[in-house]
Amino acid sequence: MANLKRISISLEENLLARFDRQADRQGYPTRSEAIKALMRQNLVEQEWSGNQEVAGAISIVYNHHRRGLTNKVTDMQHRFGSVVVSTQHVHLDHSYCLEIVIVRGKAGRIQKLAAALRSVKGIKHNTLAMTTTGRGTG
Ligand code: NI
């Protein structure tokens, strides 16, 4: 484990009480773990906004019967092949497919891919889970 530092901070009682309740609801075992998660979330956000090397997952749900849609989704992934690590395709039912595109690379390029997929008509839902390669988050 990395060297641990003990810190002391001052904050309003109400804020601490609300934070502790929320951290408990979210399942954090200790206040320290909850605060570390918040700090890391902030660092990940900085990586994304600073166009750093990041990782993530784009999830899309679409109806594969819609003419040309499957080809468009595939074309986009080829066009952005430098940031596409892997794609998992699940046939949800007779019509709908769930595709999870694992991405890694410059944040700006990944966001362009997510936007390009968002522009494809007929995709029912599209999310971008923004995470880190793990190197910049302590
Ligand atoms: Ni399918």
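First listed ligand is number 1; within each ligand, the first listed atom is number 1.
- The environment of CG in N14 is sparse: at most 12 heavy-atom neighbours from other residues, nucleotides or ligands sit within 6.0 Å.
- A salt bridge does not link E53 with K106: none of the charged nitrogens is closer than 4.0 Å to a carboxylate oxygen.
- A 6.0 Å sphere centred on CD of Q88 holds no more than 12 heavy atoms belonging to other residues, nucleotides or ligands.
- Protein-derived N/O/S atoms nearer than 2.8 Å to the Ni ion (ligand 1) total 3, waters excluded.
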V44 vs V54, test: side chain to side chain contact (heavy atoms under 4.5 Å, CB included). Steps then yes/no. CA-CA 8 Å; V44 170; V54 294; over 6 Å; no
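- Residue pairs satisfying the ring-ring contact (aromatic ring centres under 6.0 Å, His included) criterion with at least one member in residues 88-138, sequence neighbours excluded, are listed as follows: H65-H94, H89-H91.
- Within 6.0 Å of the CZ atom in R67, the count of heavy atoms belonging to other residues, nucleotides or ligands does not exceed 12.
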